[in-house]
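This report refers to the structure that appears directly beneath it.
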Amino acid sequence: MKDKNTKLQEKLSEQRRAISDVEGEIKALQSNLTLEQILAKEASLRKQVEEMEDKLTKMRGGVTLVSPEERKAVEAMYTDTISQWRRRKRMFKDVWDAITENSPKNLKDFKVL
């Protein structure tokens, strides 16, 4: 009876090992792409490469992507925005200095809020 039980236990462990091997193989096969998926991915990658090559040739060819008028407009907007930011920063600094000038509290208490 014990011999039969040990033989069955060994057979069971062999079956479990075989099952785990088969499951591992199944997972490996399922993780691979199918032929249709590979062909679709290849086509999309080739399309991306063509688009990027076209863009690169345009850039190498010296084509201006931004006109001088647009560039000047953007630079003017940038300088205007920077000057407004500096003005607001200066106004805040003045108000902050006025508030904290005669305050008995520690400045760190104000900054926490």
*I would like to know whether Arg71 and Glu75 meet salt bridge (charged side-chain N to carboxylate O under 4.0 Å, His left out); could you show each step before the answer?*
CA-CA 6 Å; Arg71 185 181 184 104; Glu75 286 176 352; 3.5 Å; yes
*asked:* Rounded to the nearest 0.5 Å, what separates atom CZ in Arg60 from atom CD in Glu53?
replied: 9.5 Å
*Between NZ of Lys11 and OG1 of Thr6, what distance do you get to the nearest 0.5 Å?*
13.0 Å
_Atom pair CD (Glu23) and OG (Ser20), whose distance is rounded to the nearest 0.5 Å_ = 7.0 Å
*Should Leu45 and Gln48 count as side-chain neighbours, where that means a heavy-atom distance under 4.5 Å?*
yes
*asked:* Checking Arg88 against Gln84 for the side chain to side chain contact (heavy atoms under 4.5 Å, CB included) test, could you report, in this order, the C-alpha distance in whole Å, the side-chain angles of both residues, the deciding distance, and whether it holds?
replied: CA-CA 6 Å; Arg88 288 187 186 115; Gln84 288 178 10; 3.9 Å; yes
*Rounded to the nearest 0.5 Å, what separation is found between the CG atom of Leu12 and the CD atom of Gln15?*
8.0 Å
*Verify side-chain hydrogen bond (donor to acceptor under 3.5 Å, both in side chains) between Glu70 and Ser67, making sure each step is shown before the conclusion.*
CA-CA 5 Å; Glu70 289 180 64; Ser67 67; 3.2 Å; yes
*Would Lys55 and Glu51 pass as an ion pair if we require N to O under 4.0 Å?*
no
_Salt bridge present between Lys93 and Asp97 (N-O < 4.0 angstrom)_ = yes
*Going from NZ on Lys89 to CD1 on Ile82, what distance comes out if it is rounded to the nearest 0.5 angstrom?*
10.5 Å
*Only one of Thr81, Asp80, Thr79 forms a side chain to side chain contact (heavy atoms under 4.5 Å, CB included) with Met77, so which one is it?*
Thr81
*At their closest point, which heavy atom of Ala28 faces which heavy atom of Ser31, and how far apart are they?*
O-OG, 2.8 Å
*Ile99 side, atom CD1; Asp94 side, atom CG - distance, nearest 0.5 Å*: 11.0 Å
*Taking only Lys NZ, Arg NE, NH1 and NH2, and the carboxylate oxygens of Asp or Glu, determine whether Arg46 and Glu50 approach each other closer than 4.0 Å.*
no
